[in-house]
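Working notes, structure below.
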There are 2 protein chains.
Amino acid sequence: MKSYHHGNLKQELIDCACKMCERDGYTKLSIRSLAKESNVSQTAPYRHFKTKEDLYAEIAKEGFNKLYKTISKVKSKNIEENLIFLGEEYVAFGVKNANTYDLMFGTAVTDFTKYPHLFQAANQTYHHLLSLFTEYSSNKDSEFISETCIDLWAKMHGLVGLLRKLEVVPSKLLDMPDTPFMALNSINNDLNSYIKKFIRATQ
Amino acid sequence: MKSYHHGNLKQELIDCACKMCERDGYTKLSIRSLAKESNVSQTAPYRHFKTKEDLYAEIAKEGFNKLYKTISKVKSKNIEENLIFLGEEYVAFGVKNANTYDLMFGTAVTDFTKYPHLFQAANQTYHHLLSLFTEYSSNKDSEFISETCIDLWAKMHGLVGLLRKLEVVPSKLLDMPDTPFMALNSINNDLNSYIKKFIRATQ
DNA sequence: TTTTTAATGTTGACACTGCTAACATATTCA
DNA sequence: TGAATATGTTAGCAGTGTCAACATTAAAAA
């Protein structure tokens, strides 16, 4: 039944790669294993991705699109609630899709601008935050707004990075006051109120 | 002149690995290339590091020690100034030593607690921030303090992640108001006042 | 001091990787 | 219909992490 030409191999490879990346981490993802899992020859992916970085960029792009979808689900008419929702969803996304998040923000893809689709997907996400905060903020100075957006973003981004350590660390460390894990754990257990706090602090 | 036994190979390998890692990034660092650069046989490193992860852990440990040294250089008797100094040095370290920073906070070393020396080095860094902030804060509630430390840390950590993108991005994007890069760039150009702001905001 | 043992080095090999070249087959379009 | 192009396969290179077997030396035990 299987014909020589596949028909939709590129997208299928991307989908498969996304799954594999999230499952095993992008360092374990090899083009060969991807080809095997997709039932094509070892070098078939090279017809669609010139280098491994191209494949990474594709996965990262999908990641940003997924992130955008996630955080742009409007919940209520209250802007502040939406912002808080955005924050929660952002952090949850980063922790849940940790391996993909690595690809999106790490150094595996060095130059974003080499991949217009990726760049546009990433920027779309930023714009959503920007427009939501513009609506929210009483200070309408554009410099203030863009700087505060970076502020919020950095905090969410940093929090993702730190929270992920929680999942690796032995649970007994979560009670040790001499480590950052106790505080991280308590933040993690009530993420909503934590995010509420730092969004309200911007007003 | 060269004897069969090296004498101090382990530390020399670590030093060499640190240099190579920072120069090329940890993904490009191979045990074999490390061995070659250190003028020993391909498998000599395996007498000192069971796996590549062990080597990574060693590099990360050195990174934390270097970071600790950097941020703990006391500057003045004014605590706030010291905290600001810490923030600046932290962010500068992360941006300057980007590749090492990846190893310290990324997923290359999955379980910190497998490497007590690394864990201790990382914790030492956290403790320094904690004790400095304890001194600084007027609110002496320990929960407030530890949470705010995570806060500060997340922000510095997140900022490092975002600022690094600046170095990769084509410079023409730095003027585009539709991207986050303009705001990032202006923050980067006056890091001191930015950090001042967010440290004072904790008071 | 001598002898045994353990530490630290080397060579060779295996399975895996990214990637290229050469070739095979199917699709598109002049 | 036929030529150009897109998309697939097989074979192979150089480089990788890691292991087993062996060589040399330093440290410990006799």
Side-chain angles (χ1 to χ4, degrees), chain A residues 1-21 23-60 99 102-103 106-111 114-115, chain B residues 1-21 23-60 99 102-103 106-111 114-115:
Chain A
M1 279 311 126
K2 206 171 68 176
S3 62
Y4 192 88
H5 279 100
H6 188 285
N8 194 26
L9 183 56
K10 182 168 185 176
Q11 191 55 48
E12 233 172 76
L13 284 172
I14 292 173
D15 293 345
C16 187
C18 286
K19 269 181 217 153
M20 292 176 74
C21 169
R23 195 186 58 205
D24 310 322
Y26 76 92
T27 45
K28 306 256 178 186
L29 172 63
S30 74
I31 290 184
R32 287 162 111 108
S33 62
L34 168 63
K36 191 175 264 179
E37 198 133 322
S38 302
N39 295 309
V40 285
S41 73
Q42 293 179 348
T43 57
Y46 282 92
R47 295 292 151 198
H48 304 281
F49 317 106
K50 265 189 188 163
T51 67
K52 207 181 175 188
E53 193 183 355
D54 286 14
L55 176 63
Y56 282 159
E58 222 55 69
I59 301 174
N99 288 326
D102 273 344
L103 223 40
T107 47
V109 181
T110 35
D111 186 1
K114 262 177 64 184
Y115 307 95
Chain B
M1 280 312 127
K2 204 170 65 176
S3 63
Y4 192 90
H5 279 102
H6 188 285
N8 194 26
L9 183 56
K10 180 168 185 175
Q11 192 56 47
E12 234 172 75
L13 285 172
I14 292 173
D15 294 345
C16 187
C18 286
K19 267 181 219 154
M20 292 176 74
C21 168
R23 196 186 56 206
D24 311 321
Y26 75 92
T27 45
K28 307 254 179 186
L29 172 63
S30 75
I31 290 184
R32 288 160 111 106
S33 63
L34 168 64
K36 191 175 264 181
E37 197 132 325
S38 302
N39 296 308
V40 285
S41 73
Q42 293 180 345
T43 58
Y46 280 91
R47 296 292 150 198
H48 304 283
F49 318 105
K50 267 188 187 164
T51 67
K52 208 182 174 187
E53 194 183 355
D54 286 15
L55 176 64
Y56 282 160
E58 220 57 67
I59 301 173
N99 289 326
D102 272 344
L103 223 40
T107 47
V109 182
T110 36
D111 187 1
K114 264 176 63 184
Y115 306 95

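In this text the structure is predicted, and so the values were computed from the model without any measurement. Throughout, a chain's letter reflects where its sequence line sits, starting with A, and its residues are numbered from 1.
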Taking the nucleotide of DNA chain C with the nearest heavy atom to each, does Lys28(A) or Arg47(A) sit closer to the 5' end? Lys28(A)
Taking only residues two or more places apart in sequence, or in another chain, which ones meet Glu53(A) in a salt bridge (charged side-chain N to carboxylate O under 4.0 Å, His left out)? Lys114(A)
Ser30(B) side chain to Ser33(B) backbone, donor-acceptor under 3.5 Å: yes
Assign Thr51(A) to base, sugar-phosphate, or nothing according to its heavy-atom contacts below 4.0 angstrom with the strands shown. sugar-phosphate
Return yes if some donor-acceptor pair links the side-chain N/O of Lys52(A) with the main-chain N/O of Leu29(A) below 3.5 Å, else return no. yes
Atom CG of Asn8(B) to atom P of dA7(C): distance rounded to whole Å? 18 Å
Integer-rounded Å distance: dT10(C) C1' and Lys36(B) NZ: 16 Å
Does the base of dT11(C) carry an N or O that pairs as donor and acceptor with the side chain of Thr43(B) under 3.5 Å? yes
Among the nucleotides dT11(C), dT16(D), dT9(D), which one has an atom lying closest to any side-chain atom of Arg32(B)? dT16(D)
If I take atom NZ in residue Lys52(A) and atom C1' in nucleotide dC16(C), what distance separates them, rounded to the nearest angstrom? 12 Å
What contact category does Ser30(B) fall into here, base, sugar-phosphate, or nothing, at under 4.0 angstrom with non-hydrogen atoms? sugar-phosphate
Rounded interatomic separation in angstrom, taking OH from Tyr46(B) and P from dA20(D): 13 Å
Rounded to whole angstrom units, what separation is found between the CG atom of Leu55(A) and the P atom of dT17(C)? 14 Å
What's the OH-C1' distance between Tyr56(B) and dT16(D), to the nearest Å? 11 Å
Taking CG from Leu34(A) and P from dG18(C), how many angstroms apart are they, rounded to a whole number? 10 Å
Hey, which of these two, Leu9(B) or Lys50(A), hits DNA chain C nearer its 5' end, going by closest nucleotide? Leu9(B)
CG (Asn99(A)) and CZ (Arg23(A)) are apart, to the nearest 0.5 Å, by 11.0 Å
From the set dC19(C), dT10(C), dG8(D), return the single nucleotide nearest to any side-chain atom of His48(A). dG8(D)
For the side chain of Tyr46(B) and the backbone of Ile31(B), is there at least one donor-acceptor N/O pair under 3.5 Å apart? no
How long is the line joining CD of Gln42(B) and P of dC22(D), in whole Å? 19 Å
